[in-house]
Enquirer: 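Input: one structure, supplied below.
Numbering of residues begins at 1 and proceeds along the displayed sequence.
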Amino acid sequence: MDTSGKMFRHGVLRALDYVGKDPDKNLPKLMKWVDRFAGNGENSMESQRAVFRKLINDPNDSMHKLVWSIWEDIDGNVVKTMFENFLLNAVLTGWQKEQQLRASLNCNVPWAILMDPTSACNLHCTGCWAAEYGNKLNLTFEEMDSVIKQGKDLGIYFYIFTGGEPLVRKDDLIQLCLIHDDCIFMTFTNGTLIDEYFADQLLELGNFMPVISVEGFEEATDSRRGSGTYKKAVRAMRLLKEKRLPFGVSCCYTRRNIDSISSDDFFDQMVEWGAKFAWYFHYMPVGNDAVPELMPTPEQREYMYHKIREARATKPIFAMDFQNDGEYVDGCVAGGRRYFHINANGDADPCVFIHYSDSNIKEKTLLEILQSPLFMAYHDGQPFNDNHLRPCPMLENPEKLREIISKTGAKSTDPESPESADHLCDKCVCYAKNWKPTADKLWSDSRRMKVKSSVGDP
């Protein structure tokens, strides 16, 4: 970064110090600084900044209330570190470099990388892909460090730990956060290993955010994760809130728990716990022992489509739906388009839910992985459907995944019980067929509303 860029960054961070003293007055000023830093080019995320600019000027907007709660609820030094590493490094600086490399290299370059530090877990949850790997695999500290170093060379400053239970390796994860203090780190966790000492370490770091997995209230969570898990997760969230630390909640919706996990009472409970975002995942029938009967019905998935959008408009928590929000990211984000997954054996999977690979980080660089036949098949095939509410090459377009695996020769990365692509895709054929009419109607309605809003009401 040149001298003017460093001075500008310093100015933005100094301005951030003043925001907490008077957000109403100073947040709009800070936004002007960010706009100047980002510029107006095609890589400047101008539309996203316009949305944020609108919400900070509307006190009745639920997202306005969420942003203001961050200044009230989160430690000031943590806010400053998160702002610099996430917004300035990952979103603005990193995104521009990634876009340039995508164009020059003609391959996907992700915004985030998911890694499994370990396959070990202290729970055995129904429908969790990690349970397929057993508890014997681990990435070394040096391997994880190398991935991050290579990633930063590509402009990637956002790393998400999955598992297994990542906090089995929390000492190593803390060390990675210290070494790479310009990155933002997130971990999906069941929360049972979060104690006061670990929370104090997070407070000192400022760049590591937990996402606690729950499946609704106590009965629904414990039925999937084991007796007593809910209370331990709630205790972890209480501790994080007391320490003024940011965190989110992760929820997997199935045919059985959808009423509980999507109720207004549950959204209000997440806000009361102190969560600032909620990440909803559709149950995927991954693994030979998966239970396809847990997959939501088309009616249930349509309900979730509307419910998540309603929650974003009415609740001071940012709710995301990994499957139903495909329309905002132009379809599938896997295969390195926005992210990819490295399992605890070092295999590079295109998606955290699709366990096939032709590359391993122990044998290839990140760039070589992104240019491998499997990842290039994703690059060349995306979007896999013009209807971005049918984004996935497995769940909604199973014929696409069959073709990719057949063409590239990618192998199952499940060391315990390898699953063929045909076996996996067979479980999705009826689901895809049944979801199509609903998805097509929702997509048509969504396109019509966008056109209407762009030209104004008749």
Side-chain angles (χ1 to χ4, degrees), residues 43 45 48 81-102 105 107-117 129-130 139 143-164 166 173 176-177 179-189 207-211 213 246-248 250 276-281 318 320-323 325-326 328-344 346-354 357 359 361 365-367 369-370 375 378-379 382 391-392:
N43 300 331
M45 305 187 82
Q48 290 88 340
T81 300
M82 290 284 182
F83 183 94
E84 180 175 15
N85 291 8
F86 183 75
L87 185 60
L88 296 185
N89 294 349
V91 174
L92 296 178
T93 303
W95 181 262
Q96 291 181 5
K97 185 171 184 178
E98 292 153 16
Q99 288 284 74
Q100 292 164 0
L101 288 172
R102 288 171 194 139
L105 298 172
C107 67
N108 284 330
V109 178
W111 179 59
I113 294 177
L114 276 63
M115 282 191 285
D116 296 352
W129 72 82
L139 294 176
E143 287 166 347
M144 292 187 286
D145 183 50
S146 176
V147 167
I148 298 169
K149 287 177 179 176
Q150 292 180 66
K152 288 196 292 185
D153 287 340
L154 297 173
I156 306 164
Y157 290 88
F158 189 20
Y159 297 88
I160 303 174
F161 298 117
T162 49
L173 304 190
L176 289 170
C177 293
I179 293 172
H180 301 285
D181 59 0
D182 53 350
C183 292
I184 192 78
F185 295 91
M186 183 181 287
T187 185
F188 286 94
T189 172
N207 64 340
F208 192 16
M209 187 185 308
V211 185
S213 298
F247 66 91
S250 168
K276 298 305 177 187
F277 60 93
W279 212 328
Y280 279 78
F281 293 92
F318 188 71
M320 300 166 280
D321 188 321
F322 186 77
Q323 209 66 24
D325 278 339
Y328 299 113
V329 290
D330 298 329
C332 172
V333 295
R337 179 171 170 262
R338 295 293 178 265
Y339 92 97
F340 73 95
H341 172 241
I342 300 168
N343 71 17
D347 301 308
D349 298 327
C351 176
V352 76
F353 298 113
I354 296 180
S357 182
S359 304
I361 62 167
T365 66
L366 291 188
L367 184 55
I369 289 169
L370 293 168
F375 279 72
Y378 265 74
H379 172 271
Q382 290 165 326
C392 180

Enquirer: Identify the heavy atoms of Gly155 and Glu98 that sit nearest to each other, and give their distance.
Expert: O-OE2, 2.6 Å
Enquirer: Could you tell me if His180 and Asp145 have a donor-acceptor pair between their side chains, going purely by distance under 3.5 Å?
Expert: yes
Enquirer: For Ile184, does its backbone N or O pair with a side-chain atom of Asn207 as donor and acceptor, under 3.5 Å?
Expert: no
Enquirer: Are the aromatic rings of Trp111 and Phe158 close, with centres under 6.0 Å apart?
Expert: yes
Enquirer: Just how far is it from atom CG of Leu370 to atom CG of Leu154, taken to the nearest 0.5 Å?
Expert: 7.0 Å
Enquirer: Quick one: does Arg337's side chain have a donor or acceptor within less than 3.5 Å of a partner on Val109's backbone?
Expert: no
Enquirer: Donor-acceptor check, side chain of Lys97 to backbone of Asp153, threshold 3.5 angstrom: yes or no?
Expert: yes
Enquirer: When rounded to the nearest 0.5 angstrom, what is the spacing between CG in Asp182 and OG1 in Thr81?
Expert: 11.5 Å
Enquirer: Are Cys332 and Tyr378 close enough that some pair of their side-chain heavy atoms sits under 4.5 Å apart?
Expert: yes
Enquirer: Quick one: does any side-chain atom of Thr93 pair with a main-chain N or O of Leu88 as donor and acceptor, under 3.5 Å?
Expert: yes
Enquirer: Looking only at non-hydrogen atoms, find the nearest pair between Cys107 and Leu367 and report the distance.
Expert: SG-CD1, 4.3 Å
Enquirer: Look at the side chain of Asp349 and the backbone N and O of Ile342, then say whether any donor-acceptor pair between them is shorter than 3.5 Å.
Expert: no
Enquirer: Decide yes or no for Ile156 and Pro110: does some side-chain heavy atom of the first lie under 4.5 Å from some side-chain heavy atom of the second?
Expert: yes
Enquirer: Tell me whether Tyr339 contacts the main-chain N or O of Val352 through its side chain, where contact means a donor paired with an acceptor under 3.5 Å.
Expert: yes
Enquirer: Please name the pair of heavy atoms, one in Gly336 and one in Phe340, separated by the smallest distance, quoted to 0.1 Å.
Expert: N-CB, 3.9 Å
Enquirer: Hey, what do you get for CE (Met209) to CG (Asn85), rounding to the nearest 0.5 Å?
Expert: 10.5 Å
Enquirer: Kindly compute the distance separating CZ (Phe322) from SG (Cys351), expressed to the nearest 0.5 Å.
Expert: 5.0 Å
Enquirer: Could you please spell out the steps behind the side-chain contact (heavy atoms from CB on, under 4.5 Å) verdict for Ile361 and Leu139?
Expert: CA-CA 10 Å; Ile361 62 167; Leu139 294 176; 4.1 Å; yes
Enquirer: Can you confirm if the NZ or CZ of Arg102 lies within 45° of the ring axis of Trp95 and under 6.0 Å from the centre of its six-membered ring?
Expert: yes
Enquirer: Evaluate the side-chain proximity of Leu173 to Pro117: yes if any heavy-atom separation is below 4.5 Å, no if none is.
Expert: yes
Enquirer: Is there a side-chain contact between Val329 and Arg338, using heavy atoms and a 4.5 Å cut-off?
Expert: no
Enquirer: Is it true that a side-chain atom of Thr187 and a backbone atom of Pro166 form a donor plus acceptor pair closer than 3.5 Å?
Expert: no
Enquirer: Find out whether Ser250 and Val211 are in side-chain contact, i.e. whether some heavy atom of one side chain is under 4.5 Å from a heavy atom of the other.
Expert: yes
Enquirer: Would you say Leu101 and Gln99 make side-chain contact, with heavy atoms under 4.5 Å?
Expert: no
Enquirer: Okay, side chain of Asn343, backbone of Gly346: is any donor-acceptor separation there less than 3.5 Å?
Expert: yes
Enquirer: Would you give the length of the straight line joining atom CE of Met186 to atom CZ of Phe247, rounded to the nearest 0.5 angstrom?
Expert: 12.5 Å
Enquirer: Working to the nearest 0.5 angstrom, can you tell me the gap between Asn89 CG and Lys152 NZ?
Expert: 9.0 Å
Enquirer: How are the rings of Phe281 and Trp279 set to each other: parallel, tilted or perpendicular (split at 30° and 60°)?
Expert: parallel
Enquirer: Would you say the side-chain atoms of Gln382 and Asn108 include a donor-acceptor pair closer than 3.5 Å?
Expert: yes
Enquirer: Ignoring hydrogens and angles, state whether a donor on the side chain of Asp116 or His341 is under 3.5 Å from an acceptor on the partner side chain.
Expert: yes
Enquirer: Could you walk me through whether Phe208 and Tyr159 satisfy the side-chain contact (heavy atoms from CB on, under 4.5 Å) test, starting with their C-alpha distance in whole Å, then the side-chain angles of each, then the deciding distance to 0.1 Å, before giving a yes or no?
Expert: CA-CA 10 Å; Phe208 192 16; Tyr159 297 88; over 6 Å; no
Enquirer: Determine whether Ile148 and Leu176 make a side-chain contact, defined as any pair of heavy atoms from C-beta on separated by less than 4.5 Å.
Expert: yes
Enquirer: Using every non-hydrogen atom in the two residues, find where Ala348 and Phe375 come nearest and quote the distance to one decimal.
Expert: O-CE1, 3.7 Å
